[in-house]
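What's counted below: heavy atoms across the whole structure, side chains too, no hydrogens, waters or symmetry copies.
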2 protein chains.
Amino acid sequence: MQLSNTSQYAIRMLAYMADKKDSSLINATKLSEALQIPYKFLTKIMTELVKADLVVSIRGREGGYTLKKNASDIMVGDILKVFNDSMQDEQCVLGIGFCNGMCKCALHDQWMKPKRLLQKMFRESSLEDIAGRGCKI
Amino acid sequence: MQLSNTSQYAIRMLAYMADKKDSSLINATKLSEALQIPYKFLTKIMTELVKADLVVSIRGREGGYTLKKNASDIMVGDILKVFNDSMQDEQCVLGIGFCNGMCKCALHDQWMKPKRLLQKMFRESSLEDIAGRGCKI
DNA sequence: GTTAATTACTACTTTAAGGTAGTATTAAAT
DNA sequence: ATTTAATACTACCTTAAAGTAGTAATTAAC
Ligand code: SF4
Ligand code: SF4
């Protein structure tokens, strides 16, 4: 009942980049060291973020990565989408989802409220909101 | 962001058993057919439920499984506990959880509310609440 | 132009969850 | 007593996520 490792890494990576005030360009080696994420795995994830248009990569010497948009314009939900980790509207808590409105279990309606809150949270929280509090994020 | 397959199966199995009015004893073969859960996997899960004191097994010919308590006394949360799929108090949405009250991200407080609702739901929903609506559960 | 530092690509290995096979054990039916 | 139908146990196989290795491509610095 939590986000995939990959999504967690992606969020931390982007949050860290959003937080870096000085140089907006950062390379994989430094990011990997700063966040304690395996270098090779990090570059693999980053390549996906580049393809998803959340990050710009600059290849070659003096290259690196930088956010493609303002931190306030990149939502946590956008990141989750890239790794198919979003919360779908029809998603059942139990993961069963065979049921419909006609024959619903007691959890069905109870699940609506927390689901809505989660969707809202992911939809409306930007990188800016989660970065830069000195957290280990 | 959902329960493990094993937990889902376990919930469906127990809910089905709670729903069976006629004979309280049911065997693995019938359960497996009714719920379309692989027989061998089902028995593996059931053995864990027996060890966890949620189910009583009767071995030998004419044997089978039956709930150890009233359906209204077995909570969804009890089942999740068996498979380490519970929602912990300290659990972070992002699964990071390095942070503390001093330096929390924007999600930290937003996560409280849905988390509480989920915990309450799992704690207070019994098998009786989710069984017997004609659902495919 | 050569070198050095960087990202991108391809392919592999490891780990844990999910699932399967075979056999031992149990106990009612006969 | 033997047979049969059931659960329990042990060990293995499969799959997808997580992680690793090596090399190609790119580009600034020299
Ligand atoms: S009725 Fe219950 S099991 Fe069916 S989709 Fe709704 S929450 Fe899931
Ligand atoms: S501050 Fe954010 S990242 Fe840290 S534990 Fe709370 S929700 Fe998780």
Side-chain angles (χ1 to χ4, degrees), chain A residues 1-14 17 23-68 80 82-86 94-96, chain B residues 1-14 17 23-68 80 82-86 94-96:
Chain A
M1 198 78 188
Q2 66 174 39
L3 301 179
S4 71
N5 228 319
T6 304
S7 293
Q8 290 176 35
Y9 282 160
I11 292 170
R12 290 176 58 212
M13 284 155 53
L14 295 176
M17 289 166 71
S23 67
S24 69
L25 205 65
I26 186 168
N27 68 42
T29 307
K30 283 196 192 124
L31 243 192
S32 160
E33 281 165 4
L35 298 178
Q36 293 287 313
I37 297 172
Y39 173 83
K40 282 290 195 179
F41 196 34
L42 182 144
T43 59
K44 191 185 208 173
I45 293 170
M46 200 62 107
T47 300
E48 292 192 71
L49 293 171
V50 169
K51 285 180 183 159
D53 268 339
L54 296 180
V55 169
V56 175
S57 70
I58 299 177
R59 298 174 67 161
R61 188 163 176 161
E62 306 290 287
Y65 300 102
T66 186
L67 297 183
K68 186 151 182 177
L80 298 187
V82 177
F83 303 100
N84 291 312
D85 222 349
S86 303
L94 303 177
I96 299 173
Chain B
M1 199 74 189
Q2 68 174 39
L3 301 179
S4 72
N5 229 318
T6 303
S7 293
Q8 290 177 34
Y9 282 160
I11 292 170
R12 289 177 58 212
M13 287 156 52
L14 295 177
M17 290 166 71
S23 67
S24 70
L25 205 66
I26 186 167
N27 68 41
T29 307
K30 283 195 192 122
L31 242 191
S32 160
E33 280 165 5
L35 298 179
Q36 292 288 315
I37 297 173
Y39 173 82
K40 282 290 194 178
F41 196 34
L42 182 144
T43 58
K44 191 185 207 174
I45 293 170
M46 201 60 107
T47 300
E48 291 193 71
L49 293 172
V50 170
K51 285 180 184 161
D53 269 338
L54 296 180
V55 169
V56 175
S57 70
I58 298 178
R59 298 175 68 162
R61 189 165 175 161
E62 306 289 289
Y65 301 102
T66 187
L67 295 184
K68 186 151 183 179
L80 299 187
V82 177
F83 304 100
N84 291 311
D85 221 350
S86 304
L94 302 177
I96 298 173

Q | Any residue of residues 25-33 of chain B with a heavy atom less than 4.0 Å from an atom of DNA chain C | A | none
(Q) Among residues 46-58 of chain B, which ones have heavy-atom contacts with DNA chain C below 4.0 Å? (A)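 None, since no heavy atom is under 4.0 Å.
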Quick one: pull up [atom1] in [X] and [atom2] in [Y] and give me the separation to the nearest 0.5 Å.
X	Y	atom1	atom2	answer
T29(B)	L42(B)	OG1	CG	9.0 Å
L14(A)	R12(A)	CG	CZ	12.0 Å
Y9(B)	M46(B)	OH	CE	14.0 Å

Q. Got L49(A) and M13(A) here, is their nearest side-chain heavy-atom distance under 4.5 Å?
A. yes
Q.
What I'd like to find out is whether the side chain of E62(A) reaches to under 4.5 Å of the side chain of L25(A), using heavy atoms alone.
A. no
Q.
Testing the basics here: between V50(B) and S57(B), what is the closest heavy-atom pair and its distance to 0.1 Å?
A. CG2-CB, 3.9 Å
Q) Do you know the tightest heavy-atom contact between S7(A) and D85(A)? A)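 Taking S7(A) first and D85(A) second, the nearest heavy atoms are OG-OD2, 2.8 Å.
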Q | Short side-chain to backbone donor-acceptor contact, S32(B) and I37(B), under 3.5 Å | A |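 Yes, the answer is positive, given that a donor and an acceptor are paired below the 3.5 Å cut-off.
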**Q.** Donor-acceptor pair, side chain of T66(B) and main chain of S24(B), under 3.5 angstrom
**A.** yes
[X] [atom1] to [N] [atom2]: how many Å, rounded?
X	N	atom1	atom2	value
D85(A)	dA18(D)	CG	C1'	14 Å
L3(B)	dA17(C)	CG	C1'	15 Å
N84(A)	dA17(D)	CG	P	9 Å
L42(A)	dA17(D)	CG	C1'	17 Å
L35(B)	dG19(C)	CG	P	14 Å
Y9(B)	dT20(C)	OH	C1'	13 Å
R61(A)	dC30(D)	CZ	P	6 Å
I45(A)	dA8(C)	CD1	C1'	15 Å

Q. On DNA chain D, nearest-nucleotide positions of S4(A) versus E62(A): which is more 5'?
A. S4(A)
Q: Output every pair passing salt bridge (Lys or Arg N to Asp or Glu O under 4.0 Å) with a member in residues 39-50 of chain B, not counting sequence neighbours, ordered by first then second residue.
A: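 For residues 39-50 of chain B: none.
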Q. Does K68(A) have any side-chain contact (heavy atoms from CB on, under 4.5 Å) partners at least two apart in sequence or in another chain, and if so, which?
A. D53(A), V56(A)
Q. Looking at residues at least two apart in the chain, or sitting in another chain, which of them share a side-chain contact (heavy atoms from CB on, under 4.5 Å) with T6(B)?
A.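 Testing T6(B) for side-chain contact (heavy atoms from CB on, under 4.5 Å), a comparison that skips the adjacent residues, returns S4(B), F41(B), I45(B), F83(B).
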So which protein N/O to nucleotides 22-24 of chain D N/O distances come out below 3.5 Å?
residue: dG22(D); atom: N7; partner: K40(A); partner atom: NZ; Å: 3.0
residue: dG22(D); atom: O6; partner: K40(A); partner atom: NZ; Å: 2.5

Q. Looking for any heavy atom pair under 4.0 Å, which part of the strands does Y65(B) touch: base, sugar-phosphate only, or nothing?
A.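 If one applies the 4.0 Å heavy-atom cut-off, Y65(B) turns out to touch the sugar-phosphate alone, with no base involved.
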(Q) Taking atom types as they are modelled, would you say the side chain of K44(B) forms a donor-acceptor pair with the base of dG18(C) within the 3.5 Å cutoff? (A)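 When only heavy-atom distances are counted, K44(B) does not reach the base of dG18(C) through any donor-acceptor pair under 3.5 Å.
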Q) According to a strict under-4.0 Å criterion, is T6(A) in side-chain N/O contact with OP1 or OP2 of dA18(D)? A)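 Indeed, a polar side-chain atom of T6(A) lies that close.
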